[in-house]
A.B. asks: 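Here it is, the structure, as structure tokens.
As a basis for the values below, the full set of heavy atoms in this structure was taken, side chains included, without hydrogen atoms, waters or symmetry mates. First the proteins, then the strands, lettered A, B, ... as listed; each starts at 1. Please read all numbers here as calculations on a predicted model, not as lab measurements.
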Amino acid sequence: MAIEWIDAVTALRVGIVYALLALAYFLFARTTDTINFAVGGYAMAAAMLYATLTGGGTSPLVAFVVAVGLGAVLGGMTETFVIRPIASKGRDEFVVVLAITALLFVIQQLAGFVFGRRAIIGEPLTAGRVELAGYEVSFQNLLTIAVGFVAAVVVGLWIGRGRSGRMMRAIGDNEQAGLTLGIPVRRVRLIAASVGGLLAGLAGALTAPQAGNSFHSGVSLSIVGFIALVIGGMGSAYAPLIGGVLLSFLELGTSLIFGSTSRDYFLLAAVLLVFIARPEGLFSLKVRTT
Amino acid sequence: MTITVTPARTDRMEVPPRSRGRRDTTLLPAVFFLVAFVALYFGWALAESYHLDIAMTFTMFSLLALGMYTPLFLGGQIDLAYNAYLAAGAYAVAIIANRTDIPLVLAIPIGAAVAATMALVLGLVTSHLTGFHLALVTLLAGTAAYRWISSTGAGLTGGASGIGGIPRLDLLGIEFGREQLVAAGLIAVWLVAFALSRFRRSLPGLAVRLNRASTPAAEVSGIPTTSIRLVSLAMGAAIGSLGGVFVALMNQFILADSYAPEIVFLALFLPLLGGISTPWGAVIGAGLLCFLNEASAFIEGPGPLVFGGASLAILILLPGGLIGVVALGWSAARSRMRKEDKL
Amino acid sequence: MSALLRCADIGKNYGGVTALKRIDLTVGVGEIVGLVGANGAGKSTLIDIISGNTEPSRGAVMLRDREVKGRPARRARAGISRTFQHPQISEVLTLRENVACGLASTRMRSPLHVLRELALSALIDTTPWAEVDRLCESIGLTDLDRVAGTVSFGDLRLAEVGRALVQQPDVVMLDEPFPGVDDEGVMGVLAALRTLRGQGKGVLLVDHNVDIVASIADRLVLIADGEVAIEGPVDECLASSVFRERYIGVA
Amino acid sequence: MKTGTVRSAMVAGAALISVGLTGCGGTDELPGAEGLEGDPLVIGVIMDTSGTASFYSEQAVEMIEYAAEATNTGEFPVALQGLFGEGSRGILDRPVKIVTEDDGSDPNRAVQAARKLIAAGAEAIISTSGSASALQSRIVCEEEKIPCIAPYSSSGAIVQQPNAGYMFTIAPNSTVQGASFSGIFKENGYETYAIVGDSSPTSAAVADLYKAAFDDAGLQMVAREVVPVGSTDATAQVSRVRSANPDVVFDSFAALSEEGLFYKSAGDSLDGIARWGNNGLITSDEPAKVAGPDIEGVKTLDVRSIENAYGVEVQDAFEKAHPDIDYLSWTTICNWEAFMVLKHAFEEVGSTDGPDVVAEIEGLKDFPSVLGPPGYTTSFSADNHNGSSSKALVPVVLEADGSIALADDETIPD
């Protein structure tokens, strides 16, 4: 089986999208201490909105901004109306997870209601293709890689260096201590959640022109994002980026070499392998064992 | 702080009066549900042929939800492979009936054993990890199992065309037709819920619940935390497989499509809808789901939306679920009655 | 007095930080040992090492001259029980149920026992609730139907002490059991410890209230800078200048 | 405690209101039945409003209702007028009533839905939901001795024993289609093929059936690929197909968005390889919308022919009655046929007795058909509950804009 270099471009493009989703998970996990399974829902909603808007004649750039904004709003609203009210009652972490899962289904059904129950596809941000070493590569693909990569790096820098990033880390380690230190915990959490939603919205808006998005693609987006997070680990803000790209290469690689019929088995095997060999993910702060 | 130490009291303490011991609170709901089930069966299920199917759907979702209740709500373990456990029960029935000479009734233990083994393996792999890792690996395992029964393993499982021709179960001279199966299903639900409500308050149940609150506390209490975690996962899986057994016996036909991972997300919310303070909450949740399914005949479309929205609202606003609402109302009414008594 | 519990040459490093340098400590049959020291001296770390919640960097823990190893549950079943400085309790269980969890160390010794308990649980209630109630009564914990999430801090501590005692351990380690506990509860716990002493069990008692500890302990051990600074009979210790300097003198 | 009570009261109230709002079903007026005497004859319809079959089920139900209205008013196309006799209205001179039941494409709910329809008095059931639903609900048809038709279910398993005694299908099923496709492939001299589908069980099963048909015809499979449902990319699958270098790529997708994704990902990289799709490709414009111009040149088999005057008449009238429909699926017209087969069988038997009606359908020969080229007719027999032959199939090719044109260069050998 010949593997062409163009396949690597594809893997990178898909991987960047996974990475954005994983990074959204990461932001929620670090500040609000939740695995936010709804991020795939944000991405799906953003993609559906983008596709609907461009289909209705809105300029792709405007649609892009609006769709990414929708992601941010959904992220912030999740923190305000779901995570915070439950967490403030001191209930189990999995109650939050279940509530978020319910939210994912509500988002999906609402999207089906608003945008219709059929797959729709958006106009690309930029039309046109460029000839690269014997292959035609669409600008949209290159743009996806560039925008996604820049977003991941900017967020990484923000968490690593910026003031609010430092506050975020402080809250993630110990919210009570954060409060004592005079950190505006609520505001920082809200900002982190909105940025997480924004990243998911970005992932959705970038894929909207690639494939048919339908209201039920939220769950699968949530799952791949989470796998990317597990593979990368939570060690640094760049771990999700690497996890996402690795996952995509793994998917494409096994599909190319062994055929796509066994993809689900390979995913399970890969995750089991990571759990057995490096349970903390490839890049971690500390071993998360009991 | 200074303390004047008094001489030691006598070693043997008086035995406290019996009345101060623990009250058995498992009997009252059990009796209530027994009456409710009997009334449901004779007053409603037998009235129309399709009511039996709804009652069977209720049985299946009850067993699924009770299965999930065991590790999740007692032990805080998110196991999402329940579509596979359900399938284990159903395919045990279909394969044994069509491809072997084994007595059909053995499908029950065989399905349970397959489901429990799967849960054990997944539990072992994630035994040192946090709950989310179990959630992910079980979700992927459920998806892979679905893929296997629907395509790769289609030679054995019939794939999308399914396996038909499952005979009626004949046990001790009784032929289990539709009516008998529904009766047996309701009895099974009642027994499992009752047993779980007793388990919940027994020493192993308390051990599971303490472990959920604090693993160090459970450990220093001598609780074999790994064992009970695995036991609760296996128990839940076995209970879930029972739901598959009943559906397969009832419909006499099984299809891979019935065991897609989506069914897990439906069942996940059932105990919460009813209320997680008792296994009966799972049963109530399953009943509510069946009711909403029927109501959705009028809703025209957003049935899943109503269900998801209701789940979300209950999770955020009502930690106690529907049972919690009843309990709240009851205590409010009682305190008002007391006030009136005083006046 | 023969040694019931012996810590031999225990040391613990966290990364580059030394928490315990070298500790040798024994608790004899029918002996109550008071373990004192300033905050951060390593008292809780030592208890964690004995109970198996923390792995030592060096050294061994012996119970009746046999080394105990492995996870805390195994050590609990071997006869070591403890409480935590911050009570570890399930807030959704009642006080009675929290205490009863300690019965696991005698009734759930192997997976087979677990399965048996499980099978029985559906049919009959085999838990000796009267025994639990009696024990709670003896340490002054009453009104046992209260859910643990709703009770005072002192009662939480008492419930944890109850859970440790119901295990019928050979050695009980209480990590600051008294703050927040009312006088009656303190009396109850002390009385229960005396009973244990009478039965030939060992007690390792940690508390900041030296008066209470001194009132019951047979021997005091002072830890400072990760080492045993002084140990001996209570009166000798209290009179010693070393003790005053390195513990009380600090204050 | 107090705010808790208030909150719970609010939630309970909201729940009650939402349930109350939805309780507005009620009985349908029987359109066009004025003047018809007697109890309505109920035809039950299993539909899907929320699941995977919802996009074609909706049109199917509209077609069945349209057929019922035409029957009640007695306005039949020319082709049927001789068959039913002058002035025939309703079925057995009774007005026809359609009762629907939603199953969300969930097989377990399909069983419930079928029994519920029977409880509502249904004398026959038309299943417009997914294949899995039809497979599962046919058990009920047999048990309750009610004739059932799944008009466009392509799974050959539906009309295979066990449990197929009371179930019929109208459109050519995968067995018939498999033979037709392999005939065409042989005719074109193809020797190797690649098969591509999605990860749904339906797609896998359909792929198995086509593979068996192709293998029987001596064709050799060189690649089999799956595009997981929910994918955003299918280049790996395209890559493997391309490097296997088959003479023809056959698609067995059930998930339409993924079907479009495959052709979109292929772009022009499968140039020189013939591309054929199963007829899921034209149940909706979704694959063409997703694939864009890359869909151009993909061929498939339709059951409609613009030369069949009867079929065109029914479709035109239906579209006129439903101006909101912008894409007419081939599945829709099969429901007209199913309804008319039922009317004919009921009236020939003269009663609604299930076993007799089934025997009558099994004996049905050369029933005028809306499907296929002019002169094509529907026939059943006791061992063939699928009413069509390969003659109902018309090779078509998709244009860049997603429209369907006759593939003049292809013929199905006998």
A.B. asks: Just how far is it from atom OG1 of B:T215 to atom CG of C:N53, taken to the nearest 0.5 Å?
C.D. replies: 11.0 Å
A.B. asks: Between CD1 of B:I228 and CE of C:M108, what distance do you get to the nearest 0.5 Å?
C.D. replies: 5.5 Å
A.B. asks: So which bits of residues 98-105 of chain C come within less than 4.5 Å of chain B, counting non-hydrogen atoms only?
C.D. replies: C:N98, C:A100, C:C101, C:G102, C:L103, C:A104, C:S105
A.B. asks: To the nearest 0.5 Å, what is the distance between CG on B:L203 and CG on C:L120?
C.D. replies: 11.0 Å
A.B. asks: Any chance CZ of C:R197 has more than 12 other-residue heavy atoms, nucleotides or ligands included, within less than 6.0 Å?
C.D. replies: yes
A.B. asks: C:S44: what forms a side-chain contact (heavy atoms from CB on, under 4.5 Å) with it, not counting sequence neighbours?
C.D. replies: C:Q85, C:D175
A.B. asks: Report the residues that fulfil salt bridge (Lys or Arg N to Asp or Glu O under 4.0 Å) with C:D170, sequence neighbours left out, ordered by chain and then residue number.
C.D. replies: C:R64
A.B. asks: May I ask you to test the B:R198-C:D125 pair for a side-chain heavy-atom distance under 4.5 Å?
C.D. replies: yes
A.B. asks: Could you measure the distance from the CZ atom of B:R212 to the CG atom of C:L93? Nearest 0.5 Å is fine.
C.D. replies: 10.0 Å
A.B. asks: For the side chain to side chain contact (heavy atoms under 4.5 Å, CB included) test, which of C:E160, C:Q88, C:R71, C:R82 pairs with B:V220?
C.D. replies: C:R82
A.B. asks: Given a strict heavy-atom distance threshold of 4.5 Å, which part of C:I89 is in contact with chain B: side chain, backbone, both, or neither?
C.D. replies: backbone
A.B. asks: Between atom OG of B:S221 and atom CZ of C:R77, what is the distance when rounded to the nearest 0.5 Å?
C.D. replies: 11.0 Å
A.B. asks: Restricting to side-chain contact (heavy atoms from CB on, under 4.5 Å), what partner residues turn up for C:L112, sequence neighbours left out?
C.D. replies: C:S110
A.B. asks: Could you check if a side-chain atom of C:R75 sits within less than 4.5 angstrom of a side-chain atom of B:E219, using non-hydrogen atoms only?
C.D. replies: no
